**Student:** 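Would you mind keeping the following structure in view while I ask a few things?
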Number of protein chains: 2
Amino acid sequence: MNTSMKALQWHGPRDIRLTRIAMPSPGPDDVLIEVAYCGICGSDLHEYDNGPHAIPIVTPHVLSGRIAPLTLGHEFCGTVREVGANVRGLSVGERVGVEPEYRCSRCRYCQIGDYNLCNSMGFAGLMGDGGMAEYVVTPAYMLHRLPDSVPFVQAAVLEPAAVALHALRRSALRINGTCAVFGLGPIGILLVMMARLQGASSIVAVDVSPERLAAAARLGATDVIDARSVSAGEIASMVRAMTGGGVDVSFEAAGLQETFEGALQSLRKGGETLMVGLMQRAGFDAFRVVNDELSIRSSVGYRHVYPDLIRLVEAGAIDLSAIVTKTVSLERAVVDGFDVLTRDKRQIKVLVVPSGAEWRKRMGA
Amino acid sequence: MNTSMKALQWHGPRDIRLTRIAMPSPGPDDVLIEVAYCGICGSDLHEYDNGPHAIPIVTPHVLSGRIAPLTLGHEFCGTVREVGANVRGLSVGERVGVEPEYRCSRCRYCQIGDYNLCNSMGFAGLMGDGGMAEYVVTPAYMLHRLPDSVPFVQAAVLEPAAVALHALRRSALRINGTCAVFGLGPIGILLVMMARLQGASSIVAVDVSPERLAAAARLGATDVIDARSVSAGEIASMVRAMTGGGVDVSFEAAGLQETFEGALQSLRKGGETLMVGLMQRAGFDAFRVVNDELSIRSSVGYRHVYPDLIRLVEAGAIDLSAIVTKTVSLERAVVDGFDVLTRDKRQIKVLVVPSGAEWRKRMGA
């Protein structure tokens, strides 16, 4: 076994370094994984651009015990290479998807199964080492075995797909219902795919990028609205016209006051806006919300959705690789991944391939 | 039968007139009621103070066909005195409670039973003649027969109690759950009573009036917070301390940005604020709402709750007259009712007795 490995580590804003670090060794409840893919998430971009936001720099995270510098990346999958003494049900050589939420299993939220609200919640790849490295050690509870028919390129998208599926499950969207998705980043596009799977009759996709609107239309949107130079109110009027008076559910997946406003205004009476994007403060027309009995609900992370997602992929009901627009090597991850994602809205999901050997094989070298 | 009657009619802001008008006559689907009591609602005060808000002054309401001037009062009950030709199941002399929402029964909302969201929704007493008169004609569908054991003084409070029960039913409050009620007007006090009936383990009542806090404590609140000279954040800290980390549900029943903020901040993770008070715009910390998966829901009017309420009163499970602090004659309704309610926060619910004969009997004259 190697004694060192390559890892992409966050040291500070605009300071992500590809370095060689010591090969990690799993504790008794941990597993060592050889990473196949690690996706780049919007929150990774925020940490890169103007972090730290979630990355601890003073007080170590209570569950991971870690502090920056640490390895980025929470959307990863790979192969089990070493198993801690206490770990049952996982063997060397098995392929796994990673549900990267740390949890204490003891607080009131963990006790009722709402472990995404755990008082000590954190993410591998933000509060502890993540998947932008050749190898990573994670707690065994984060791992889900992958059937042979689920390829790594789809397993790498399980994490954002889990965000979308959890949001959809928390929403009031039902079979033959109507919805609108505001913001077609990876989560928005995955919400379009999930809404289709849920049997929605109308799925209106709203964004400012023609490429993303085209992708949404290809992946399940029944209508698209190009939001460039159109106000929130005008978009809402269009949505209402398209859906006979407004949608049952609108998803706010952009994290902007304007899209939140448009999402609320697009609802029928009794409808619900599900917030999944992050923003600071938000304002709304409370008079209409009360008089029309609207709901504003929210969704963060996920719980209990990985097994279902894996089965959906296995059954061929959904192809998560549909949102992958690019793969890059660990060496080129910042330049061809982080930097490109920041400026090129045609890119939806970029995957990093940490293994040099694997990357060379793909390149045919 | 008389050919004219006394009615308290809204002509404009600060212009409510006690006048004699022609005795109304029921159409084929209507019923003539001799009014026993009519409560004064906060929305009546708003119409009096700086209306019109809901009262039509240009376009007649689509279902009532009415426009100002019209008789105020939507919280009323009385005795059936005449029945239209098409009306089945109601007889002269029967005592009735009134559910004063106009509805079309044909729109998509009426069709699914959400008739409080009816596209033509309105209230008798705001969009048509109400109960501050000796007699009133209402559509028969608004009426609920009262058992002998339900006295008029409780039946007059059915309407605000319906607002509270509908709000409670829409909320996530469950047996042994925890809640906070912000704003102890009639709806807030009734919410305290309903939450107790629902088996809540903690009911924190928040207001600026010592008398209303005392009433809440008497009627079911487990804790009270005097909000005078305390910030929303401090109140939220107190609620969290009282309830081991925050309540499951907080009710916003004051219609103020500050109470809305306090209500949201008082929640545990995964909790819900139920807005029942009316305000214009509202703002909130969206970052916390999403990260803690909080919900903001709302409630307007009521649907399907009158039969249950009447049964609760009949069973002695709740005494709606507990919130009645004063009764006044129709002649003194403005001076001793509207004006007093505006300035004296010790008053919770004031009932008007429209019948001169009944009033003289009560006064022992």
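Per chain, numbering begins at 1; letters A, B, ... match sequence-line order. Worth saying up front: this structure is predicted, and the values here are computed from it rather than measured.
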**Student:** For Leu278(B), is it the side chain, the backbone, both, or neither that has a heavy atom closer than 4.5 Å to a heavy atom of chain A?
**Tutor:**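 Just the side chain, heavy atoms under 4.5 Å.
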**Student:** Taking side chain as everything from C-beta outward and backbone as N, CA, C, O, which of these in Gln257(A) sits under 4.5 Å from a heavy atom of chain B? Side chain, backbone, both or neither.
**Tutor:**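 The side chain, not the backbone.
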**Student:** Determine the minimum heavy-atom distance between Asn116(A) and Glu293(B), stating which atoms define it.
**Tutor:** ND2-OE2, 3.0 Å
**Student:** Measure distances from Cys118(B) to the heavy atoms of chain A and classify the residue's part below 4.5 Å as side chain, backbone, both or neither.
**Tutor:** backbone
**Student:** Could you pull out the closest heavy-atom pair between Val290(B) and Gly277(A), with the gap in Å?
**Tutor:** CG2-O, 3.7 Å
**Student:** In terms of heavy-atom proximity below 4.5 Å to chain A, should Tyr109(B) be classed as side chain, backbone, both, or neither?
**Tutor:** side chain
**Student:** Got a sec: does the CD1 of Ile175(B) have more than 12 other heavy atoms crowding it under 6.0 Å?
**Tutor:** no
**Student:** Counting only heavy atoms not in His46(A), do more than 12 sit closer than 6.0 Å to its NE2 atom?
**Tutor:**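 Atom NE2 in His46(A) is not packed in, count stays at 12 or less.
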**Student:** Quick one: of Asn119(B), Asp114(B), Val276(B), who has the most non-hydrogen atom pairs under 4.5 Å with chain A?
**Tutor:** Asn119(B)
**Student:** Work out which heavy atom in Arg108(A) is nearest to a heavy atom in Gly244(B); give both atom names and the distance.
**Tutor:**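 Heavy-atom minimum between the residues: NH1-O, 3.1 Å.
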**Student:** Do you know the tightest heavy-atom contact between Val289(A) and Ser298(B)?
**Tutor:**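 Scanning both residues, the minimum pair turns out to be O-OG, 2.9 Å.
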**Student:** Walk me through whether Glu261(A) and Arg281(B) qualify under salt bridge (charged side-chain N to carboxylate O under 4.0 Å, His left out).
**Tutor:** CA-CA 12 Å; Glu261(A) 198 88 58; Arg281(B) 283 191 71 81; 3.1 Å; yes
**Student:** Taking every heavy-atom pair that is under 4.5 Å apart, which of Ala286(A), Gly245(A), Gly301(A), Gly255(A) has the most such pairs with chain B?
**Tutor:**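 Greatest number of close heavy-atom pairs with chain B: Ala286(A).
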**Student:** Go through the atoms of Arg268(B) and report whether side chain, backbone, both or neither lie under 4.5 Å from a heavy atom of chain A.
**Tutor:** both
**Student:** For Leu117(B) versus Asn291(A), what's the shortest heavy-atom pair and its separation?
**Tutor:** CD2-O, 4.0 Å
**Student:** Just checking Glu258(B): does its CD atom have more than 12 heavy atoms from other residues, nucleotides or ligands closer to it than 6.0 angstrom?
**Tutor:**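 Counting other residues, nucleotides and ligands, CD of Glu258(B) stays at 12 neighbours or fewer.
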**Student:** Looking only at heavy atoms and a cut-off of under 4.5 Å, which of Glu272(A), Arg288(A), His166(A) has the most pairs with chain B?
**Tutor:**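 Result: the option with the highest number of such pairs is His166(A).
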**Student:** Got a second to check how far Arg297(A)'s CZ is from Ile296(B)'s CD1, nearest 0.5 Å?
**Tutor:**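 Reported to 0.5 Å precision, the distance equals 11.5 Å.
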